[in-house]
Amino acid sequence: MNYEYKKIEEKWQKIWDEKKTFAAKNDFTMPKFYGLVEFPYPSGQGLHVGHPRSYTAIDIVARKKRLQGFNVLYPMGWDAFGLPSENYAIKNHIHPSVVTKNNVANFKKQLKSLGFSFDWDREINTTDPEYYKWTQWIFLQLYKNGLAYKKEMSVNWCTSCKCVLANEEVVNGVCERCGSEVAHKEKSQWMLKITAYADKLIDGLDTVNFIDRVKTQQRNWIGRSYGTQLKFGTTLGDSFEVYTTRADTLFGATYTVISPEHPLISKWADKITNIDAVKAYQEESAKKSDFERTEMSKDKTGVKLEGVMAINPVNGKEIPIFISDYVLISYGTGAIMAVPAHDTRDYEFAKKFDIPMIEVVAGGDISKEAFTDCNTGIMVNSDFLNGLTVDEAKVKMQEWLTEKGIGEKKTNFKLRDWVFSRQRYWGEPIPMVYCEKCGYVPLPESELPLTLPNVESYEPTDNGESPLAKMTEWVNTTCPHCGGQAKRETDTMPQWAGSSWYFLRYCDPHNDKELASKEALEYWGPVDWYNGGMEHTTLHLLYSRFWHLFLHDIGVVPTAEPYAKRTSHGMILGENGEKMSKSRGNVVNPDDIIRDYGADTMRVYEMFLGDFEKAAPWSQSSIKGSKRFLDKVFSLADIFVDGDTYSKELETDFHKVIKKVTEDIENLKMNTAIASLMSLLNNIYEKGSINRAELKTFITLLNPFAPHITEELWEICGFEGMLNETTWPTFDESKCVDSTVEIAVQVNGKIKARISVPADISSNEAISLAKAENAVSEAISGKTVIKELYVPKRLVNIVVK
RNA sequence: GCGGGUGUGGCGGAAUUGGCAGACGCGCUAGCCUUAGGAGCUAGUGUCACCGAUGUGCAGGUUCAAGUCCUGUCACCCGCACCA
């Protein structure tokens, strides 16, 4: 029989659609499984071969779970706000909503043609007012709880997108999206206080099953450090605070540094005798872009403040104060105590400016480099700390500082608050109005959704205003508080807003009273398994955990953490091993693959490609292997015979493969699961026939990977009902072992022979059988046997001298 | 610099966690079949001085036994990047 994949695939996709085969059931008594993949941004380019790698893997898990009796929620939707649609709209004078609609239709068609078991009844779209009503609602809750605030500050400004960026969106000093230079701009921005959740975001990681690299990356990004904040007096009679994690080295502090933006400078301006040089340095560092600043990070620069000295609180010594851009205003107090002998950066700076160093931890050689090791050193030159270890000294100094009222314990984070406004059209309007009298006033919840007005032009402006600002009839409104004249906020929310809670909406997508019902959230939450890209680790994944932790605190969701398990797929690279991109000309279009080989082949190929977590290059010729496999599977119908139990020859094989596939799917080892099915298929053909029981098991195991061809075979072979209504095969551990096994016989670890023995053979018998082999007796004759060992079912090793 | 990871045939990758390295697939070679083949079938395929030796980035070590454990070292990839 011929495997007509096109006909078969279209047929079953239509049946699944009509029967709503994969709709999640509203039966909250069943055991549930909520599998989630990141919903795509529906770009004009259509689906990329990278998308199906993630979607197929979780589809396989979802399909298997259904057969195992779970009520499965596997939803899909569209993260449709964003710049590409807006830019396309600007260029072609089409409303972004129209662009989005067309792109969604195309994406949906493509996804359907791959046979994913999504519950399309729960499809959502972040640009739908019925959806973003609740995005705005969450913003209002954040505002009411003091977690959204407006602040005038220096922000990252993408010169090409003409829009501010969050810290997470700046990569190597350039815009994460377009790669353009990022400048600094003073702007008043809506901020979300994600830093209030820094501890919870770190500690929560201990309660979830995320792959380690995701956890470490989030921990590093949040960057918690435990230290001390302490006060240095000055010769002007005032004081300033510094943050340090090495309070133990306080006796070694030989200077201090404040950042160029530090407010002390203007306070001291008339006392600083070299104020011109200081101001020049301030200006110079303000001009540097993030990119330049990191580029120049090796060479330390700075200016000493003349006319003021700091006083080391532990010994009263007067030490100089510098300004230098290696101290950041945004971290700690924007000022540090410098201990050149025990900090690499201070060491470099001190060498350059010829500042003395004092060794306070013995164990290194400070004439060569800073000694920063905290584990081996012993305190010296430190009065009451002498002789202590670093850890002991930290504690003692901390106590001393606290007692004297000079310093206290302090935890700091690298994480900054989230810049939440964007000066673009195609985003959720921020539901706030500005009233001259009342200041910023939140829109009443009853007025949500606040929909985007229709504007003539979506062009971003150079002055940093949102395109919405020109819509005077939309902007001018009345104050919800006093009824007076007021203006709407014209900035919109960032890309990451809608995706920060979308998985909640899937639980109850048509609810118009709340973002989702309590019952639905109780039942479906948390997401059991979430797979997505590593590139979202410190963006979407972090943001959505923050929102969820907050929603939990205000009682909206039942659990603190949104995702019980997080895995991540590797990228699919072009055939040349480089990242797929239009400019490199190595992009593979999924539509072409489906046309030439079929969706099932595409699915099997992408899963067989290699280790799911690692990047893997696409290989056009390897696809043929997957196609050949499915061709052979389809031909099983030709060698189909009667028989309702596994045949003797294949029984062990079947039990082993059921075990292997069942376990491999849970571990995302799809490549080895497929390999074991291929192996089994080879054995079946060697035997020459397959019976009912065997075929049933085989196609059920293969079904999650290749759903169309297996449904078709199910029908052809006359099995009852549909394959997706059957149950997942089970295995018997005792039947997974062969009764006879081939073992290796080694002499001094070198293989001399292979023998077949009963699996349960005794050690003595195995060894004597081994010795009976010619090659073995030859190798040991005339030598003394020192040791003989038998590793059950593996090998015999005879050690001779 | 800090953090995470990876090095196994011509290629993608396996290896029950210390027990026969190279499963499965691609590619390649030879043969068969075919008017033809970028189709199918059969056999072979780590390397070499091919009855034997050797082999998992490199150098040591532990062990009866090491891809796997330990020490050192090199290379590459990813994330963060002066975070005090």
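Because the structure is predicted, anything quoted here is derived from the model rather than measured. Excluded from the calculations below are hydrogen atoms, water molecules and symmetry mates; all remaining heavy atoms, backbone and side chain alike, are included. To find a chain, count down the sequence lines: A is the first, B the second, and so on, and within it residues start at 1.
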- request: Answer yes or no: is there an ion pair linking K793(A) with D738(A), defined by an N-O contact shorter than 4.0 Å?
  value: no

Exercise. Looking at every strand, decide which applies to S225(A) at a 4.0 Å heavy-atom threshold: base, sugar-phosphate, or nothing.
Key: sugar-phosphate

query = What interatomic distance, in whole Å, is found between P of rG9(B) and the corresponding atom of rG46(B)?
reply = 13 Å

Query - N682(A) side-chain N/O to rG25(B) phosphate OP1/OP2 under 4.0 Å - result: yes

### Message
Between rC2(B) and rA81(B), how many Å separate the two C1' atoms, rounded to a whole number?
### Response
8 Å

**OP:** Give A615(A) one of three labels, base, sugar-phosphate or nothing, depending on what nucleic acid heavy atoms sit under 4.0 Å from its own.
**Re:** sugar-phosphate

Categorize R219(A) for me: base, sugar-phosphate, or nothing, with a 4.0 angstrom heavy-atom threshold over every strand shown. nothing

Handout entry: Side-chain heavy-atom pair F608(A), M678(A) within 4.5 angstrom cut-off
Key = yes

With syn defined as a glycosidic angle within 90 degrees of 0 and anti as anything else, the base of rC24(B) is anti

- Do Y597(A) and S626(A) pass the side chain to side chain donor-acceptor pair (under 3.5 Å) test, and can you show the C-alpha distance, the side-chain angles, and the key distance before you say yes or no? CA-CA 9 Å; Y597(A) 300 93; S626(A) 301; over 6 Å; no

For rG3(B), the nucleotide meeting Watson-Crick or G-U wobble distances (both under 3.5 Å) is rC78(B)

### Query
OP1 or OP2 of rG3(B) less than 4.0 angstrom from a side-chain nitrogen or oxygen of R213(A), does that happen here?
no

In terms of relative ring orientation, are Y243(A) and Y331(A) parallel, tilted or perpendicular, with 30° and 60° separating the classes?
perpendicular

- Query: Within less than 4.0 Å of OP1 or OP2 of rC24(B), is there a side-chain N or O belonging to N671(A)?
  - Reply: no

Have a look at T244(A) and say if it touches a base, only the backbone sugar-phosphate, or nothing, with a 4.0 Å heavy-atom cut-off.
sugar-phosphate

Exercise for review: Could you tell me whether D611(A) contacts a base, only the sugar-phosphate backbone, or nothing, with contacts defined as non-hydrogen atoms closer than 4.0 Å?
Suggested key: sugar-phosphate

**Prompt:** So, is R628(A) near the phosphate of rG27(B), with a side-chain N or O under 4.0 Å from OP1 or OP2?
**Reply:** yes

Practice prompt. For L609(A), answer base if it contacts any base atom (sugar-phosphate contacts may also be present), sugar-phosphate if it contacts only those atoms, and nothing otherwise; contact means non-hydrogen atoms under 4.0 Å.
Written response: sugar-phosphate

For this session: Kindly indicate whether a cation-pi arrangement holds for K300(A) with Y326(A), taking the cut-offs as under 6.0 Å to the six-membered ring centre and within 45° of the axis.
Result: yes

Classify the side chain of K414(A) versus the base of rC80(B) as yes if they form a donor-acceptor pair under 3.5 Å and no if they do not.
no

### Query
Are Y255(A) and F349(A) close enough that their ring centres sit under 6.0 Å apart?
yes

ask   = So what does N220(A) hit on the nucleic acid, given a heavy-atom distance under 4.0 Å: a base, only sugar-phosphate, or nothing?
value = sugar-phosphate

Whichever of T245(A) and K787(A) has the more 5' nearest nucleotide on RNA chain B, that residue is K787(A)

With syn defined as a glycosidic angle within 90 degrees of 0 and anti as anything else, the base of rU45(B) is anti

Per the O4'-C1'-N9-C4 / O4'-C1'-N1-C2 angle with a 90° window around 0, rG9(B) comes out syn

E606(A) CD to rG12(B) P, in whole Å, measures 18 Å

Pairing partner of rC11(B), by Watson-Crick or G-U wobble and under 3.5 Å for both distances, is rG25(B)

Partner of rA36(B) under the Watson-Crick or G-U wobble criteria, both distances under 3.5 Å, comes out as none

inquiry  = Categorize E742(A) for me: base, sugar-phosphate, or nothing, with a 4.0 angstrom heavy-atom threshold over every strand shown.
reply    = base

Assert: residue with more 5' nearest nucleotide on RNA chain B, out of L795(A) and G332(A), is L795(A)

Write down the distance separating the C1' atoms in rU54(B) and rG40(B), rounded off to the nearest Å. 38 Å

Q) Can W618(A) and Y605(A) be said to form a ring pair (Phe, Tyr, Trp, His ring centres under 6.0 Å), step by step? A) CA-CA 10 Å; W618(A) 184 267; Y605(A) 172 66; 4.9 Å; yes

In Watson-Crick or G-U wobble terms, with both distances under 3.5 Å, the base opposite rA30(B) is rU42(B)

Pairing partner of rU47(B), by Watson-Crick or G-U wobble and under 3.5 Å for both distances, is rA53(B)

